[in-house]
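What you see below is based on every heavy atom in this structure, not just the backbone, and it leaves out hydrogens, waters and symmetry mates. For the single chain, residues carry numbers from 1 onward in sequence order.
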Amino acid sequence: MYKIDIIDSGYIMADGGAMFGAIPKRAWSRRYPSNDENLCPLVMRCALATSDNRKILIDTGMGDKHLHKASYYQPHSLINIEDAIQHLGYKSDEITDVVLTHLHFDHCGHATRKDKNGNITPAFKNARYWLSLKQWDNFQNSNLLEKDSIFTENIMPVYESGLLNLVKEDTLIGEGFGLRLFDGHSAGQLVAYIETGNDGTYTFPGDLIPTSAHVPLEWISAYDICALTSAKEKQRFLIEAEEENYTLIYCHDSIHARSKVKKLNNNFKACL
């Protein structure tokens, strides 16, 4: 069984219309804040799951290698995730696994880092990195809508170091820790399922459900590559999450880090 620690690695600002797609502002603004420029604060949330013999990091935030490329999103209050891990009482070299839900820069930037000579190397040299085969293929043949969000330096040093493990199907990477594939936001995004004992199952749905406001099926981000697929995949996930009383960790919600969900008529809502 795992203990879970939340790591908020910093913030970016994203346009509310992009975050909530076809949902009118007068609706989404009741559920999520924005500033006078219609920009919503998004946390870049990661999680560390620890057991007797595993220390599994889920996502790594954006790091600091590409701040100039991501300046449009106004990154701020960034925290070095290795420092955050040390603050929790662990060392980076103790991390056994790194799960990358997908390769957008705000989720995997600190998968690699610059060493003292300026070379880019894996940040967690003793870890196995987990990424879906679909996402790896997507990286190698980036589509028009995602190419500006995926940076080669965040994943190629991991691959070249022989640390990359490609997930082809739903799988257990250890007792009590599963990975499942979901499409819609990006091809082959991974969702983590973590057994915690008395606290039940925690899930890390990533950008399948980035904030608690995105729990309703039709609340789909315009950043999603295929909105209809996202809605169907979200429904598949939420039916089980409600039935099994899972706790969801929201990767971008700057107000609510986690919640359970409940069914409401033919839809779902977060239990805040």
Side-chain angles (χ1 to χ4, degrees), residues 6-47 58-79 81 100-111 135 138 142-151 154 182 184-187 189 191 204-227 229-231 233-234 248-259 270 272:
I6 299 296
I7 300 173
D8 291 349
S9 68
Y11 295 82
I12 55 176
M13 304 295 289
D15 182 82
M19 279 304 296
F20 293 100
I23 305 301
K25 183 178 181 180
R26 64 186 180 187
W28 65 254
S29 62
R30 298 190 192 107
R31 300 189 183 184
Y32 204 85
S34 64
N35 64 17
D36 293 340
E37 295 181 307
N38 205 48
L39 298 176
C40 298
L42 303 181
V43 69
M44 292 178 286
R45 182 166 289 122
C46 313
I58 308 169
D59 278 352
T60 67
M62 70 176 294
D64 60 5
K65 300 191 309 295
H66 302 105
L67 296 181
H68 61 294
K69 292 184 180 180
S71 60
Y72 172 81
Y73 295 98
Q74 302 176 28
H76 59 282
S77 303
L78 299 181
I79 295 173
I81 198 162
L100 301 177
T101 59
H102 59 300
L103 291 177
H104 293 171
F105 69 88
D106 53 322
H107 292 263
C108 67
H110 202 91
Q135 191 64 194
N138 186 57
S142 297
N143 60 68
L144 179 64
L145 298 179
E146 293 183 271
K147 64 182 181 66
D148 292 335
S149 297
I150 299 175
F151 303 147
N154 288 339
F182 288 84
H185 176 69
S186 185
Q189 184 192 242
V191 172
F204 193 96
D207 275 323
L208 177 68
I209 307 178
T211 77
S212 58
H214 287 85
V215 169
L217 298 176
E218 69 276 19
W219 286 53
I220 301 295
S221 169
Y223 292 118
D224 288 13
I225 298 306
C226 182
T229 299
S230 285
E233 292 284 74
K234 189 193 297 188
L248 284 61
I249 300 173
Y250 301 110
C251 67
H252 285 314
D253 196 318
S254 63
I255 302 171
H256 305 289
R258 69 192 80 181
S259 83
L272 301 176

Before you tell me yes or no, could you show the steps for L103 and N154 under side chain to side chain contact (heavy atoms under 4.5 Å, CB included), namely the whole-Å CA-CA distance, both residues' side-chain angles and the distance that decides it to 0.1 Å?
CA-CA 8 Å; L103 291 177; N154 288 339; 5.9 Å; no

Which residues satisfy the ring pair (Phe, Tyr, Trp, His ring centres under 6.0 Å) test with H256, sequence neighbours excluded?
none

Using the side chain to side chain donor-acceptor pair (under 3.5 Å) criterion, which residues pair with S259? Sequence neighbours excluded.
Y250

Those residues that, when tested against N143, pass side-chain contact (heavy atoms from CB on, under 4.5 Å) (two or more places apart):
N138, L145, E146, I225

Verify side chain to side chain donor-acceptor pair (under 3.5 Å) between H102 and D207, making sure each step is shown before the conclusion.
CA-CA 9 Å; H102 59 300; D207 275 323; 3.2 Å; yes

From CD (Q189) to CD (E233), nearest 0.5 Å:
10.0 Å

Which distance, rounded to the nearest 0.5 Å, do you find between the CH2 of W28 and the CZ of R30?
12.0 Å

By ring pair (Phe, Tyr, Trp, His ring centres under 6.0 Å) - contacts of Y32 (at least two apart):
none

Does any pair with a residue in residues 216-226 pass side-chain hydrogen bond (donor to acceptor under 3.5 Å, both in side chains), and if so which ones, sequence neighbours excluded?
H185-D224, E218-N267, D224-S230

How would you list, by chain and number, every residue that makes a ring pair (Phe, Tyr, Trp, His ring centres under 6.0 Å) with H110, sequence neighbours excluded?
none

Evaluation steps, side chain to side chain contact (heavy atoms under 4.5 Å, CB included), between H214 and F20
CA-CA 8 Å; H214 287 85; F20 293 100; 3.3 Å; yes

L67 versus P75: any side-chain heavy-atom pair under 4.5 Å?
yes

Below 4.5 Å, heavy atoms only, C-beta onward: do P216 and R31 meet side chain to side chain?
yes

Start with the C-alpha distance between C46 and I81, add both sets of side-chain angles, then the distance that settles side chain to side chain contact (heavy atoms under 4.5 Å, CB included), and finish with yes or no.
CA-CA 9 Å; C46 313; I81 198 162; 3.7 Å; yes

If I take atom CE from residue M44 and atom OG1 from residue T60, how far apart are they, to the nearest 0.5 angstrom?
10.0 Å

Any side-chain heavy atom of M13 sitting closer than 4.5 Å to one from H76?
yes

Suppose we screen for ring pair (Phe, Tyr, Trp, His ring centres under 6.0 Å). Which residues come up paired with F105, at least two apart in sequence or across chains?
Y73, F151

Gap between atom CG of L100 and atom NE2 of H107 - 0.5 Å precision:
10.5 Å

In I249, V215, V191, the residue satisfying side-chain contact (heavy atoms from CB on, under 4.5 Å) with I209 is V215

Is there a side-chain contact between L248 and F204 in this structure, where contact means two heavy atoms from C-beta onward sitting under 4.5 Å apart?
no

Contacts of S9 meeting side chain to side chain donor-acceptor pair (under 3.5 Å) (sequence neighbours excluded), chain-then-number -> none

Y11: which residues meet the side chain to side chain donor-acceptor pair (under 3.5 Å) condition with it, sequence neighbours left out?
none

Identify, with sequence neighbours excluded, every residue that meets side chain to side chain donor-acceptor pair (under 3.5 Å) alongside D8.
R45

Show which side-chain atoms of residues 34-42 pair as donor or acceptor with protein atoms under 3.5 Å away, not counting sequence neighbours.
residue : atom : partner : partner atom : Å
N35     : OD1  : E37     : N            : 2.8
N35     : OD1  : N38     : N            : 3.2
N35     : OD1  : L39     : N            : 2.9
N38     : OD1  : K25     : NZ           : 3.1

Report yes if some heavy atom in the side chain of D59 is under 4.5 Å from a heavy atom in the side chain of I7; otherwise report no.
no

Evaluation steps, side chain to side chain contact (heavy atoms under 4.5 Å, CB included), between R258 and I6:
CA-CA 10 Å; R258 69 192 80 181; I6 299 296; 3.2 Å; yes

Do the side chains of D253 and P210 get nearer than 4.5 Å, heavy atoms only?
no

